[in-house]
Amino acid sequence: MNVLMLIIPLAVGLASAMLINYLADVLPATRALTKPVCSQCKSEYSLTDYLFVKKCKQCAHNRGMRPWMTVLILLTLNIYTWWMPPARYEYWFGALLLCYMGVVFVIDLEHRLILHPTSIIGCLLAFGAGWYANGILPTVLGGAFGFALMFVFYYLGVLFSRMRAKRMAVSGQAQDDEEALGAGDVILSGILGLALGSQLVFRGIFLGIVLAGLFGLVFIIVMLITQRYKKEVFMVFMPYGPFLVVGALAWIYFLPTTA
Ligand SMILES: [Zn+2]
């Protein structure tokens with residue numbers, strides 16, 4: 001491999017990371033492509049301050065590790081996939097999917113939110129990548145399976161919440177209308193199904209659910225040890241999107257698949 005060619009994945013990785021950071025900064029707050037503002041005092045960043053992740057000039061608010069983590073992870077993943085492109089998707093479709101999944105991952109992790117505009121873009125992207133990699137029928141089926149599977153979980157979650165609400169009403173506790181699994185997770189699962197295709201969709205979503213379960217278990221154990229565990233709070237507030245994204249990513253890029 002020509003070392004000079006590494007400039008391509010480095011540039012793509014950096015550009016993707018900057019786009020992910022920017023969208024994760026503005027979309028949850030304004031739902032539009034606005035100028036980025038300080039999350040604390042709401043004053044606008046200058047372009048250079050924003051690009052170089054400087055502290056806010058007004059209130060000295062520090063932007064934390066996320067912008068740097070995003071750059072580091074996207075550079076690493078892009079170099080890896082340039083070096084070993086995902087068998088069926090090739091580098092460029094892979095890079096676009098990575099960028100979309102990065103946006104979903106960060107926004108869901110920070111805000112517990114999956115936005116419809118990102119879902120529409122993701123749907124088109126995953127449909128294109130899936131069609132290219134697997135053909136049209138496996139792509140449509142993959143999307144349908146992904147959507148249907150998570151919809152079943154979503155519906156079970158709704159039933160569970162209703163039962164809980166009834167029980168809480170009987171015992172006189174305050175009610176909440178939080179759902180363990182949001183409609184955004186169902187749509188995301190459909191989108192990941194499009195990209196994975198009918199061959200990989202079940203493996204991808206299964207891996208995502210297993211990872212979420214393992215993480216939940218570790219989290220509960222840590223909370224129990226540190227005596228900060230509050231019953232039921234955790235299952236309600238845990239974002240599932242990042243785990244679904246990691247499950248799909250693993251099958252697209254890293255795990256060996258036959259055929
Ligand atoms: Zn500020």
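Whatever order the structure lists ligands and atoms in, that order sets their numbers, starting from 1.
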- Item | Shell of protein N/O/S atoms around the Zn ion (ligand 1), taken as anything under 2.8 Å |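 N, O, S partners closer than 2.8 Å: Cys38 SG, Cys41 SG, Cys56 SG, Cys59 SG.
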- What are the two closest non-hydrogen atoms of Leu98 and Tyr253, and how far apart are they?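 Closest heavy-atom pair between Leu98 and Tyr253: CG-OH, 3.6 Å.
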- Message: For a 4.5 angstrom cut-off between non-hydrogen side-chain atoms, does Leu23 reach Tyr100?
- Response: no
- Query: Are any of the side-chain heavy atoms of Ile191 and Phe127 separated by less than 4.5 Å?
  - Reply: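 Side-chain contact under 4.5 Å: no.
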- Are Asp185 and Arg112 ion-paired here, with the side-chain N under 4.0 Å from a carboxylate O?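 Not counted as a salt bridge, because no side-chain N and carboxylate O are separated by less than 4.0 Å.
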Please list every donor-acceptor pair under 3.5 Å in which a side-chain atom of residues 10-18 meets a protein atom from a residue at least two apart or in another chain.
{"from": "Ser16", "atom 1": "OG", "to": "Val12", "atom 2": "O", "distance (Å)": "2.6"}

- Task: Walk me through it: do Ser119 and Leu188 pass the test side chain to side chain contact (heavy atoms under 4.5 Å, CB included)?
- Result: CA-CA 7 Å; Ser119 291; Leu188 174 64; 6.0 Å; no
